[in-house]
Protein chains: 2
Amino acid sequence: MRKPAQPTINDVARIAGVSKKTVSRVINRSPLLNEDTRRRVEQVIAELGYTPNPQARALALRRNFLIGLIHDNPNAQMVLNVQHGLLEVLRDTEFELILHPVDRGSPTMLDDIRAFLEKQRPYGVMLLPPISENDSLAELCAGLGVRYVRMGSAPLDEAANMVASNDREAVRGAVEHLIAAGHRRIGLIAGPHGFRSAVERQAGYEEAIEAAGLPLQRTLIVHGDYRFESGMRAAERLLDLAPRPTAVFSSNDEMAAGVLHVAHQRGLTVPQDLSIVGFDDTPIASHIWPPLTTVRWPIATMARAAALKLVGGAGGARPGEDGEASLFVSTLIRRASVAPPPGAG
Amino acid sequence: MRKPAQPTINDVARIAGVSKKTVSRVINRSPLLNEDTRRRVEQVIAELGYTPNPQARALALRRNFLIGLIHDNPNAQMVLNVQHGLLEVLRDTEFELILHPVDRGSPTMLDDIRAFLEKQRPYGVMLLPPISENDSLAELCAGLGVRYVRMGSAPLDEAANMVASNDREAVRGAVEHLIAAGHRRIGLIAGPHGFRSAVERQAGYEEAIEAAGLPLQRTLIVHGDYRFESGMRAAERLLDLAPRPTAVFSSNDEMAAGVLHVAHQRGLTVPQDLSIVGFDDTPIASHIWPPLTTVRWPIATMARAAALKLVGGAGGARPGEDGEASLFVSTLIRRASVAPPPGAG
DNA sequence: TTGTATGCGTTATCAT
DNA sequence: ATGATAACGCATACAA
């Protein structure tokens with residue numbers, strides 16, 4: 001196999017009959033350049049198929065063009081949506097996305113991330129929930145001089161470092177939707193302790209209940225861990241109640257699917273016997289039967305905004321209007337899993 | 001914010017009282033080194049918290065430590081599983097994973113990938129199905145001197161460049177399972193034309209049907225595009241048949257979920273009225289109702305093997321037994337979506 | 001407007 | 001076993 005040696009800036013300079021610096025100026029779009037020489041150099045660049053070596057650039061500029069994505073696998077679809085949103089912005093820049101999944105259960109997580117940051121020295125990092133809620137992590141980044149953007153369920157940092165959704169309002173709206181359908185006993189499957197998203201979503205639930213003048217019953221609130229099985233367990237407890245709730249709001253779709261599962265097992269028909277509302281609008285929400293009413297938050301849009309905040313104008317990226325926003329609104333997607341409570345007809 | 005200047009090899013050399021080359025030797029585990037000096041240097045490295053600059057290394061070595069993942073979004077869970085398998089191996093090495101999603105519908109896909117390869121010059125790339133089936137793409141990598149590993153449903157390259165699953169056998173086993181349950185009219189939802197996986201899975205279906213001495217009926221074979229909606233459309237056509245099939249094998253879980261959806265819409269009970277088998281064992285398979293009997297292929301294991309093939313011993317990675325294998329077996333996961341055909345009791 | 005000298009942090013060559 | 005020096009490909013400071 002022949003060795004396809006990449007042409008370097010020297011080759012371009014030699015063939016174009018100029019100095020490397022001039023080529024460098026062309027590459028970096030220096031304004032003070034003779035139009036003739038620019039064209040000539042660009043011609044040679046095109047002929048040779050020359051591409052600047054990113055590593056050499058990084059070395060000379062004393063900064064690289066890596067954006068890190070640090071997360072602890074919230075859910076597959078979300079991670080992928082974030083990756084897509086990020087890459088959509090990064091694609092036209094010289095930045096690359098590198099991944100760094102971590103294990104929030106590990107006591108060495110912070111050290112692990114520190115090692116990653118010190119080794120790669122990424123230009124910036126994107127922090128996904130739930131670890132994005134960790135203030136020590138944000139401080140670690142700041143201390144190391146690595147810019148960061150956190151994604152979360154509420155504004156927990158300054159706008160420049162944050163893209164947030166309004167989980168509380170969104171859930172309040174979702175539960176109000178159930179109340180408007182006639183439900184009075186509404187169960188909540190809350191997220192795990194220590195998650196800001198869990199807190200926000202529960203707060204939204206409570207706000208809606210109280211605003212409607214309904215009693216806030218602790219037995220109607222069960223915690224899960226955002227996983228399918230925990231949704232099943234929570235549903236068991238909720239459906240064992242007498243009288244049992246006529247509707248359940250689940251803090252994410254996966255647990256909501258667990259509720260549906262249990263309902264099926266018990267011979268309950270959804271939504272006639274039990275209404276269910278989820279959160280996330282992952283693909284499973286529209287694929288299960290019946291299709292799930294759920295809250296959709298604009299993950300890809302938020303990721304794009306985050307990317308713009310991170311690279312903000314650097315490396316060819318242009319901050320768009322997305323770049324300014326840091327709070328994003330979620331919307332209720334109405335499907336077939338909600339109906340009036342039994343006997344309400 | 002203070003500038004946390006990284007210590008360089010020069011700092012280490014100066015403080016340890018040796019030359020940079022000696023430090024370099026320590027880092028790279030050169031065998032010819034005095035034990036004393038090695039320990040002394042390692043001590044200083046630890047004290048300073050020195051980490052070699054990957055960009056500078058890449059420049060000097062004329063090769064970088066990037067592994068690219070090129071894919072056209074087969075499905076979220078698969079992409080994520082691959083990422084995890086890859087990163088599991090890469091984590092202990094100096095390699096980083098960079099992403100490059102593409103659009104196989106675009107006529108410029110190959111040019112786009114070429115630009116990516118020429119710019120980043122990754123050490124190696126991992127190609128996911130379906131674009132991994134594209135021979136021109138493999139040739140492009142080879143021509144550019146970029147090593148690659150393809151992931152696919154059958155061995156379509158030499159072992160060093162391939163991790164393959166045995167889709168054909170796996171599907172054959174799955175359909176035989178249906179036949180053993182008593183089914184004689186078994187529908188197939190095939191994958192889209194142009195996909196090797198679609199060909200292999202259809203072949204497995206046909207082998208099972210013929211081996212059982214059943215008639216191979218073209219009306220029982222409908223093509224989908226691996227997406228949920230296409231599964232619904234295919235199911236409509238299959239269930240409109242008279243007599244209708246008593247079982248359906250779907251070439252992936254997402255389409256199988258579509259079948260389940262249509263069955264529900266038509267008031268058919270699964271598995272009593274209709275048995276369904278899927279392929280992939282994505283989370284949705286176990287989360288829908290009833291839980292789906294499906295074929296699981298060892299994606300993460302395959303990805304680990306691929307990573308070992310790519311970095312093979314380089315950069316601290318040690319080829320394990322995974323590294324040798326290039327053919328991986330899938331297994332049938334039996335859940336609740338299969339029963340004897342109606343009236344068979 | 002363009003060129004020269006120098007540095008970025010590392011490894012390779014060839015000494016000693 | 002260790003060190004001086006020259007790459008690697010690019011950018012910056014300073015001249016011209």
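Proteins get letters first, then strands, A, B, ... in listed order; numbering begins at 1 in each. Quantities reported herein were computed from a predicted structural model and do not represent experimental measurements.
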Does D:dT2 have its OP1 or OP2 closer than 4.0 Å to a side-chain nitrogen or oxygen of B:Thr37?
yes
Does A:Asn28 have a side-chain nitrogen or oxygen under 4.0 Å from the phosphate oxygens OP1 or OP2 of D:dA11?
yes
Starting from P on D:dC8, measure out to CZ on B:Arg121 and report it in whole angstrom.
16 Å
Under the 3.5 Å rule, do the base of C:dG3 and the side chain of A:Arg25 count as making a donor-acceptor pair?
yes
Starting at CG of B:Leu33 and ending at C1' of D:dT2, how long is that distance when rounded to a whole Å?
9 Å
Minimum-distance nucleotide (side-chain atoms of A:Pro52 versus D:dG3, D:dA11, D:dC10):
D:dC10
In whole Å, what is the span from the CD atom of A:Gln55 to the C1' atom of C:dC8?
14 Å
State whether a side-chain donor-acceptor pair under 3.5 Å links B:Arg40 with B:Asn34.
no
Under 4.5 Å between any side-chain heavy atoms of B:Asn28 and B:Ser30, yes or no?
no
Against the side chain of A:Asn53, the closest entry in D:dG9, D:dT12, C:dT10 is D:dG9
Taking any heavy-atom pair under 4.0 Å as a contact, classify B:Leu59: base, sugar-phosphate, or nothing.
base
Is B:Arg38 salt-bridged to B:Glu35, going by a charged N under 4.0 Å from an acidic O?
yes
With sugar-phosphate meaning primed atoms plus P, OP1 and OP2, does B:Ile9 contact a base, only sugar-phosphate, or nothing at under 4.0 Å between heavy atoms?
base
Which of A:Glu118, A:Arg121, A:Arg62 passes side chain to side chain donor-acceptor pair (under 3.5 Å) with B:Gln6? Answer is A:Arg121
N or O in side chain of A:Ser24 less than 4.0 angstrom from D:dA11 OP1/OP2
yes
Compare the minimum distances between each of C:dT1, D:dA1, D:dT12 and the side chain of A:Asn34, then state the nucleotide with the smallest one.
C:dT1
Are any of B:Thr22's side-chain N or O atoms less than 4.0 Å away from OP1 or OP2 of D:dG3?
yes
Return no unless some side-chain N or O of B:Ser19 is found under 4.0 Å from OP1 or OP2 of D:dG3.
yes
Answer with yes or no whether B:Lys20 presents, from its side chain, a donor or acceptor under 3.5 Å of a partner atom in the base of C:dT10.
yes
How is A:Val23 classified with respect to the nucleic acid when contacts are heavy atoms under 4.0 Å: base, sugar-phosphate, or nothing?
nothing
For B:Arg40 and D:dT2, give me the distance from atom CZ to atom C1', rounded to whole Å.
11 Å
Measure up the A:His100 and A:Phe116 rings against each other and bin them: parallel (under 30°), tilted (30 to 60°), perpendicular (over 60°).
parallel
Any donor-acceptor pair, under 3.5 Å, between the side chain of B:Lys21 and the base of D:dA4, if you only look at N and O atoms?
no
Between C:dT10 (P) and B:Arg63 (CZ): distance, integer Å:
16 Å
